[in-house]
Amino acid sequence: MKKFFLACFSFIVSMSAFSQQKAQVAVRAEEGKYKIDKHIYGHFSEHLGRCIYDGLWVGEDSKIPNVNGVRKDIIDALKHIQIPNLRWPGGCFADEYHWMDGIGPRSERPRMINTHWGGVLEDNSFGTHEFLNLCEALETEPYICGNMGSGTVEEMSKWVEYITFDGESPMANLRRKNGREKPWKVSLWGVGNENWGCGGNMTAEGYAENYRRYATYCRNYGDNKLYKVAGGPNVDDYHWMEVMMKNIPHHMMRGVSVHNYTFTYSWENKGNALGFNEDEYFSLLEHGLRMDEIVTKHAAIMDKYDPEKRIAMIVDEWGAWYNVEPGTNPGFLYQQNTLRDALLAGTIFNIFHKHADRVRIANIAQLVNVLQSLFLTEKDKMLLTPTYHVFDMYKVHQDATMLPVDIVSHDYSRIGKSIKAVSASASQNADGKTHVSFVNVDPNQSVEVSCDIKTAKALKFVSGNIITAPTTDSHNTFEKPNQVVLKDFKDASIKNGVLTVKLPAKSLVTVALN
C-alpha cells in the first residue's frame, strides 16, 4: 500500500510539473512616451564566410534570379520584413577594409586575403557601389562602418566625400567616372569597430582621442547629415562607456555602440546550435537575458552625462554565437538556427522595447549564413530561419509608441538558476492599433496570461500569430524548410479590457487589438 501511495504521489508531482501556469501582465496604455525606433530591427552584412559571397552576392551573370547581382529571393524577403538599415562592411573586416579597392571595374580591383575570417581570397567584387545600390533596392538606410584600425583620417574622409558630395572635387568626379552621377544619401556612419579588440587594441582613452580626430573630417556635404557612431564597449566594459561619454564632445557623436553576443555558457564554451539538452537550452536563454542588465547599466552612465537622452545606445552586434557546424570552415561562423534562437530574439526585442528611451538602433549578427542569420543559402536554394519569422512577427512595433508593461510570471528553473518564463512588450501605432507580444520560454508548460490593458478605450481582438514547434531545436532545412514558421493564432480573447492569451510551451505570440 505504501508503495502505491508513493507511486501516486510521484505521478501527481510529475503531472503538476507539466500543468498550465498562469501569468499576469498589465499594459499601461495611457503612459506611452517613447517611440520604438524602427532601426532596432536593423541587420548586419560583413565580409565573413558566406554572408556576402555565396550568400547575398551571386553576380549579374548568375542563373540565380538577382537584382544587380544580389539574390532576388533575399531582397524580396527583406522588403517583406521592412528592413530599416543594413550595416557593412564589418565587423572586424571593416578595420582592414580599404574602400578604394572596391570601386571601379571589377576586373581591375585588387585582391586580398581576408585575414580575419578564414584566410580566404577577397576579390573586392562587392564594394561601395554594390552595397549602396542594394540599399536602394531594399529602400533601406545604409550603415557604413569606417576603417580606423588600419586606415587613415584622409581615407575615411575621402570615402564620405566620394559617397555624399554633389559638387566638384576629385572624389565626387571619381564617383561619376565609376558610373554614379548623383551622390547617395548616407546618414549612419560608424567611426571604427571594436577598437578595444580587432579594431586596433586601443585603450578607451586612446580611442576617444582618435575618434575626435577622425570624426572631425567626416564632413556633412549639402543636406546629407552624418549620424556619427562612436565605437563603444564590449559587453559590460562600463569604464569604456564612461570614457566615451566623458571624453568625446557630445556634438561630435549621435550614438555609442555596444556589442553583446549570447553563448550557451561562455566565450570558451559556446555550445552547439543543434542537439542541445534542456540544461544547455536554459543556459543560452539565461545568458541572453543579461542584455537587460548590460543595457540598464550602460544607460545609467549615459544618463549621468546626457540626461536629455540625445545620444543613442546602438547595439549594432547581438545574437547567438555557437560552435560552427561540423565540417565547415571554422573561420566562416556558419551555424544552424532553431526555435531556441527565435525565443532568444523575441526576449531581446522585448528588452530593447523596454529601453526605447535609449536603445534606438540595433543590428543582429548576421544576415546570411553567419551566426544568428535570417537566411541560409545553398547554390540556388534559400530558406528562412526561425529568427527571420521573429522579425516578421515583430515588425508591427516599428516606430510605434512603447507602452510600459508589468509582468508577474512563474519561474523556469534549471541548473540551480531561475528566469522568468514569460516576457512581454506592447506598443500602439500611428493608426491607434495596439500590439502585444509575449514569449514563453518554458519548454514544458503552457501559460494562461491575463493581460490588463489599462486604457479608457474599448478594445477588441483583431488577429494574432504564433511561432512554435515540437522541440526546442526544431529548425528549417532545405529539404524541410517549413518546420518553424509564422502561423495564425486565435487562442486569445478580450473582455472588459482584460486580454486572455493561452501561450503554448516554448512559443512566441503577438496579438493585435483595436
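For reference, positions follow the sequence shown, starting with 1.
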Member of Thr328, Asp54, Thr377 meeting the side chain to side chain donor-acceptor pair (under 3.5 Å) criterion with Asn369: Thr377
Any side-chain heavy atom of Trp184 within less than 4.5 Å of one from Thr164? no
Can you tell whether the side chains of Glu293 and Lys297 come within less than 4.0 Å, N to carboxylate O? yes
Distance, nearest 0.5 Å, that separates OG of Ser437 from CG of Asn350: 6.5 Å
Taking the basic N atoms (NZ, or NE/NH1/NH2) and the acidic carboxylate oxygens, is any pair closer than 4.0 Å for Arg175 and Glu161? no
Residues which pass ring pair (Phe, Tyr, Trp, His ring centres under 6.0 Å) with Tyr227, listed by chain and number, not counting sequence neighbours: none
Atom pair CG/CD of Leu333 and Glu325 - distance to nearest 0.5 Å: 11.5 Å
Do NZ/NE/NH1/NH2 and the carboxylate oxygens of Asp76 and Arg71 come within less than 4.0 Å? no
Is any NZ, NE, NH1 or NH2 atom of the basic residue among Glu122 and Arg109 found under 4.0 Å from an Asp or Glu carboxylate oxygen of the other? no
Would you say Lys225 has more than 12 foreign heavy atoms packed within less than 6.0 Å of its NZ? yes
Supply the atom-to-atom distance Met241 CE to Asp236 CG, rounded to the nearest 0.5 angstrom. 11.5 Å
Glu60, CD: over 12 other non-hydrogen atoms inside 6.0 angstrom: yes
Less than 4.0 angstrom from a charged side-chain N to a carboxylate O is my criterion; do Lys63 and Asp380 meet it? no
Can the ring centroids of Phe263 and His287 be said to lie less than 6.0 angstrom from one another? yes
Could you tell me if Asn337 and Thr387 have a donor-acceptor pair between their side chains, going purely by distance under 3.5 Å? yes
Quick one, Asp292 and His355 - any side-chain contact, counting heavy atoms below 4.5 Å? yes
Would you say the rings of Tyr394 and His435 are close, in the sense that their centroids are separated by under 6.0 Å? no
Taking the six-membered ring for Trp, is the centroid-to-centroid distance between Phe131 and Trp99 below 6.0 Å? no
Carboxylate-amine/guanidinium contact Arg358 Glu308, below 4.0 Å: no
Kindly assign one of parallel, tilted or perpendicular to the pair Trp57 and Phe126, based on the angle between their ring planes and the thresholds 30° and 60°. perpendicular
Verdict with reasoning, Lys395 to Asp392, per salt bridge (Lys or Arg N to Asp or Glu O under 4.0 Å): CA-CA 6 Å; Lys395 69 186 179 186; Asp392 193 7; 3.0 Å; yes
Arg106 and Glu130 ion-paired at < 4.0 Å: yes
Could you check whether Lys228 makes a cation-pi contact with Trp189, meaning its NZ or CZ is under 6.0 Å from the centre of the six-membered ring and within 45° of the ring axis? no
Mind checking ring pair (Phe, Tyr, Trp, His ring centres under 6.0 Å) for His43 and listing every partner two or more places apart, or none if nothing turns up? Phe391
May I ask you to say whether Glu141 pairs ionically with Lys185, meaning some side-chain N is under 4.0 Å from a carboxylate O? no
Rounded to the nearest 0.5 Å, how far apart are CG of Asn114 and CG of Asp123? 11.5 Å
Would you please indicate if the ring centroids of Phe352 and Trp318 are separated by under 6.0 Å? yes
Distance check, rounded to the nearest 0.5 Å: Ile103 atom CD1 versus His129 atom NE2? 6.0 Å
Below 6.0 angstrom between ring centroids: does that apply to Phe349 and Tyr41? yes
